[in-house]
Structures are given as structure tokens and as C-alpha cells.
Amino acid sequence: MYSFQANAGRKKNKQIIRLLYLVIFILILALIGVSVAYFRSTGVSEATSSALLSRALSEATEAQSAVYRLTQSSGTNTMTLLSTVRAHVHTLQSINTIAANIYGVGTSLSDGELLASCIDIITQCETRMQAGSVLTDLFTQLRDQVDLIVTGFGGVM
């Protein structure tokens, strides 16, 4: 006579099915956990992008305001206004660097060449000012460059 249990195959199948249910349950929990983490990180990423963009827009409009005051000033506070514009442009460059570090190389919120051009014009203004030269043409160039930077944020405003 053979000695085997008549229900041994069924018991083994039930154990396999229970094990599969457990694996599926664990996978569903893992999927839920990953989904929650993804949506949280997406929210943080969007908040970071929004904060960087609003700060860049603020700096650009502040630079524009300072440039317009510069072109209308009588000359007594020219160095102060130039340093203010330089600070805003430098901050925009820093924001571009932060954006590139967060989102990858090539990511920028404002045109880096325009920002470098503004810094060059400001340096020329300071040099000419020390020499006692007229700065009207450089102020106009600086105003035009800053206007282009602000125009770059046109879709955001």
C-alpha cells in the first residue's frame, strides 16, 4: 500500500496561494509608499521652482527700478545705484547657479549672457566715472539689457 495524504497537493497549493497573497499585499504597500514619497517630492520640487522663479523675478524688477532711477539721477548717488544694480544682477546669477545645481546643467531662469553683459557695463561705468567721463550711453545700454532680462520673465508676470 501507498502511504500518502490525499489532500497534500491541495494543502501545498493553498500555501502557495497564501504566500502569493502576502507578496501581493507587500507589493501594494510598497507601491503606496513609493507613490506618497513621489507626490511629496513633486510638491517640494514645485515649491522650490516657484520660490526661485519669484525671487528671480523680484530681483529683475528691482534691478530695472534701480536702472531707471540711475538714468534719471543727477549724479550724486550714481555709485550707490550702480552698486545696487550690480547686487541685483549678481543675485540673478546666483539664482541661475542654484537652479543649475538643482535641476541640471543648462537650466537657468534668466539669460546668463545678458547678466554678464550687465556686469561688464557696470564695470565700464565705474571706470568711466572715476575718469570723469560721461556715462549716458552706458546707462542706456544697461537699461536696455536689464529691460531684456525683465522681458524674459514676461510669461510669468
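Sequential numbering from 1 along the given sequence is applied to the chain's residues.
In this structure a side-chain-to-backbone donor-acceptor pair under 3.5 Å is missing from N96 to S108. Although no hydrogens or angles enter the test, the distance criterion places a donor-acceptor pair under 3.5 Å between the side chain of T84 and the main chain of T80.
The CZ atom of R128 sits 4.0 Å away from the CG atom of L138 when rounded to the nearest 0.5 Å. Taking CD from Q145 and CD from E113, the interatomic distance works out to 10.5 Å, rounded to the nearest 0.5 Å. For the atom pair CD of E126 and CG of L135, the computed distance is 10.5 Å after rounding to the nearest 0.5 Å. Taken from CG in L82 to OG1 in T78, the straight-line distance is 6.5 Å, to the nearest 0.5 Å. Taking CD of E59 as the reference point, atom CD of Q64 lies at 13.0 Å (rounded to 0.5 Å).
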Given the rule in the side chain to side chain contact (heavy atoms under 4.5 Å, CB included) test, do F139 and V67 qualify, once you have shown the distances and angles that lead to the verdict? CA-CA 8 Å; F139 288 165; V67 166; over 6 Å; no
Would L27 and V23 count as a side chain to side chain contact (heavy atoms under 4.5 Å, CB included) if you check the C-alpha gap in whole Å, the side-chain angles of each, and the deciding distance to 0.1 Å? CA-CA 6 Å; L27 288 174; V23 168; 4.1 Å; yes
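Not a single salt bridge (Lys or Arg N to Asp or Glu O under 4.0 Å) links D147 to another residue, sequence neighbours left out. Checked against side chain to side chain donor-acceptor pair (under 3.5 Å), S94 has no partners two or more places apart in sequence or in another chain. Applying the side-chain contact (heavy atoms from CB on, under 4.5 Å) criterion to I16, with sequence neighbours excluded, gives K12, L20. Scanning for side chain to side chain donor-acceptor pair (under 3.5 Å) contacts around D111 gives an empty result, with sequence neighbours left out. Applying the side-chain contact (heavy atoms from CB on, under 4.5 Å) criterion to T48, with sequence neighbours excluded, gives V44, L52, I102, Y103. Partners of S65 under the side chain to side chain donor-acceptor pair (under 3.5 Å) rule, at least two apart in sequence or in another chain, are R69. Residues meeting the side-chain contact (heavy atoms from CB on, under 4.5 Å) test with A63, sequence neighbours left out: H88, V146. Evaluation of the side chain to side chain donor-acceptor pair (under 3.5 Å) rule for Q93 yields no partner, not counting sequence neighbours.
Hydrophobic cluster membership of I17, counting Ile, Leu, Val, Met, Phe, Trp and Tyr whose side-chain heavy atoms lie under 4.5 Å apart directly or via other members: Y21. Connectivity analysis of hydrophobic side chains (ILVMFWY, heavy atoms under 4.5 Å, direct or indirect) links V34 to nothing; its cluster partners are none. With a 4.5 Å cut-off between side-chain heavy atoms of Ile, Leu, Val, Met, Phe, Trp and Tyr, the cluster of Y38 takes in F39.
A continuous path of hydrophobic side-chain contacts links I24 to I32 [ILVMFWY only; heavy atoms under 4.5 Å]. L57 and I98 fall within the same hydrophobic cluster, where Ile, Leu, Val, Met, Phe, Trp and Tyr residues are linked whenever their side-chain heavy atoms come under 4.5 Å apart, directly or through other members.
Within a 6.0 Å radius of CZ in R55, no more than 12 heavy atoms belonging to other residues, nucleotides or ligands are found.
Across all non-hydrogen atoms, the minimal contact from L92 to I149 is CD1-CG2, 4.1 Å. Taking each heavy atom of V150 and A60 in turn, the nearest pair found is CG2-O, 3.4 Å.
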Quiz: residues 118-125 side-chain donor-acceptor pairs under 3.5 angstrom, not counting sequence neighbours:
from, atom 1, to, atom 2, distance (Å)
T123, OG1, R86, NH2, 3.2
T123, OG1, I119, O, 2.9

